[in-house]
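These notes concern the structure reproduced below.
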There are 2 protein chains.
Amino acid sequence: MKRNSRLSLALHTLSHMAGEPDRVRTSSDIADHAGTNPVVVRRVLGRLREAGLLTSEKGHAGGWRLARKPQEISLADVYLALDERLVASDEISEAPACSVEHALQKRVSGVLEEIEQSLVQKLSETSISEVRDA
Amino acid sequence: MKRNSRLSLALHTLSHMAGEPDRVRTSSDIADHAGTNPVVVRRVLGRLREAGLLTSEKGHAGGWRLARKPQEISLADVYLALDERLVASDEISEAPACSVEHALQKRVSGVLEEIEQSLVQKLSETSISEVRDA
DNA sequence: ATACATGTAACTTTTGTAGTTGCATTGGTC
DNA sequence: GACCAATGCAACTACAAAAGTTACATGTAT
């Protein structure tokens, strides 16, 4: 597919749902629209459900629905629900021998963490309904 | 290694060099400090050289040196030199059948592109010497 | 009962990238 | 000139993350 596909798929789907918030949609419908696979959709939307952004119902006439008003779902909610950490680097396992090196690594990590936070802040300023009406 | 290793390696190395800007360092020295491999170092630093952030010299007593004063190298310079596009999604090859879908995809891409730009803006506010002294 | 939906596990395929090896090229030093 | 130590680069392997796929259990309207 492409890079950032989870975030992209999630935003696409939610923005789409923001148009008709009460309509129930199946994974298959969503997958068709997004050009992907129902299982992939369920995997991604499952994360959003865990974060309280969506609800799902099994069985006949089941499917997915927004758990909140679209105006109350921000891009940061989505980003965090997916556990994305695009900027911050993962913690380093191997501690460097030199303590000066170690201190420098911590500083780099700290700076990247700050940038990550500012990214989340920026994302929190836009809702999925704003994406739809962009 | 870890996620974001190129950016992390680049920032680590440049911040380190910012301490003694005139000292020449070899790929091997840098690799030892960063816990990686000289070839990997040359690959990453090569990008920074193309972007005018570093110079390299072959032969005996060769190695790497900052091309500018550390105060004049921002994190955005590094990010852009590495061609990182952490937020923005790549363009989608397959055009969706439905034009409404297509329009929505463009809007999602557009929003992500805006976020990407604000990330670069944020990165431009910090120099590698500030990382060092953090 | 049946049909249709999610939930999930297991597996394959793809892709990006680190790591590695080998060698050509360059430029000091003896 | 011989030699050594550095970058530059190509080709390859190893590995991990994620998408895609298949299969099936579970739940729920009709």
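Letters A, B, ... mirror the listed sequences (proteins, then strands); counts begin at 1. Predicted, not measured: the structure shown is a model, and the values here were computed from it.
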(message) Nearest 0.5 angstrom please: H33(A) NE2 to L104(B) CG, how far?
(response) 10.0 Å
(message) If you assign each of E84(B) and R42(B) to its closest nucleotide in DNA chain C, which residue comes earlier from the 5' end?
(response) E84(B)
(message) Expressed as a whole number of angstroms, how long is the span from D29(B):CG to dA5(D):P?
(response) 13 Å
(message) Strictly below 4.0 Å: does S28(B) bring a side-chain N or O up to OP1 or OP2 of dA6(D)?
(response) no
(message) Nearest to the W64(B) side chain among dA18(D), dT7(D), dT6(C), which nucleotide is it?
(response) dT7(D)
(message) So S27(A), base contact, sugar-phosphate only, or nothing? Heavy-atom distance under 4.0 Å.
(response) sugar-phosphate
(request) Could you state the atom-to-atom distance from CG of L45(B) to C1' of dC9(D) in whole Å? (result) 15 Å
(request) Using atom CZ of R65(B) as one end and atom C1' of dT7(D) as the other, report the distance to the nearest whole Å. (result) 14 Å
(request) Send over the distance from L82(A) CG to dA17(D) C1', rounded to a whole Å. (result) 15 Å
(message) Let me confirm one number: the CD-CG distance from E72(B) to L53(B), rounded to the nearest 0.5 Å.
(response) 11.5 Å
(request) Just compare dG20(D), dT26(C), dA18(D) and give me whichever is closest to any side-chain atom of K58(B). (result) dT26(C)
(request) Classify the side chain of R43(B) and the base of dG19(C) as holding, or not holding, a donor-acceptor pair under 3.5 Å. (result) yes
(message) Please confirm whether the shortest side-chain N or O distance from N37(B) to OP1 or OP2 of dA18(C) is below 4.0 Å.
(response) no
(request) Could you check whether G62(A) gets within reach of a base, just the sugar-phosphate, or nothing at all, counting any heavy atom under 4.0 Å? (result) sugar-phosphate
(request) Round to a whole Å and report the spacing from CZ of R25(B) to C1' of dT7(D). (result) 17 Å
(request) Kindly point out which of dT6(C), dT17(C), dT20(C) is positioned nearest to the side chain of T26(A)? (result) dT6(C)
(message) Could you walk me through whether L82(B) and L48(B) satisfy the side-chain contact (heavy atoms from CB on, under 4.5 Å) test, starting with their C-alpha distance in whole Å, then the side-chain angles of each, then the deciding distance to 0.1 Å, before giving a yes or no?
(response) CA-CA 7 Å; L82(B) 295 175; L48(B) 304 184; 4.1 Å; yes
(request) May I ask you to decide whether E113(B) forms a salt bridge with R85(B), counting only side-chain N to carboxylate O separations under 4.0 Å? (result) yes
(request) Report yes or no: do T26(A) and S28(A) form a side-chain donor-acceptor pair below 3.5 Å? (result) no
(request) State yes or no: do I73(A) and V24(A) share one hydrophobic cluster built from I, L, V, M, F, W and Y residues joined by side-chain heavy-atom distances below 4.5 Å, directly or via other members? (result) no
(request) Return the value, rounded to whole Å, for the distance between atom CG of L54(B) and atom C1' of dG8(D). (result) 15 Å
(request) Spell out yes or no: do the side chain of R6(B) and the base of dG16(C) have one donor N/O and one acceptor N/O closer than 3.5 Å? (result) no
(message) dG20(D), OP1 or OP2 - any side-chain N/O from T36(A) closer than 4.0 Å?
(response) yes
(request) Name the closest nucleotide to the R49(B) side chain, picking from dA19(D), dG8(D), dA18(C). (result) dG8(D)
(message) Output the rounded distance in Å from CD (E57(B)) to P (dT29(C)).
(response) 12 Å
(message) Without decimals, in angstroms, what is the distance between L7(A) CG and dA19(D) C1'?
(response) 16 Å
(message) If you only use heavy atoms from C-beta on, which nucleotide in dG28(C), dC4(C), dT21(D) is closest to the side chain of H60(B)?
(response) dG28(C)
(message) Both A61(A) and V39(B) contact DNA chain C. Taking the nearest nucleotide for each, which residue is further toward the 5' end?
(response) A61(A)
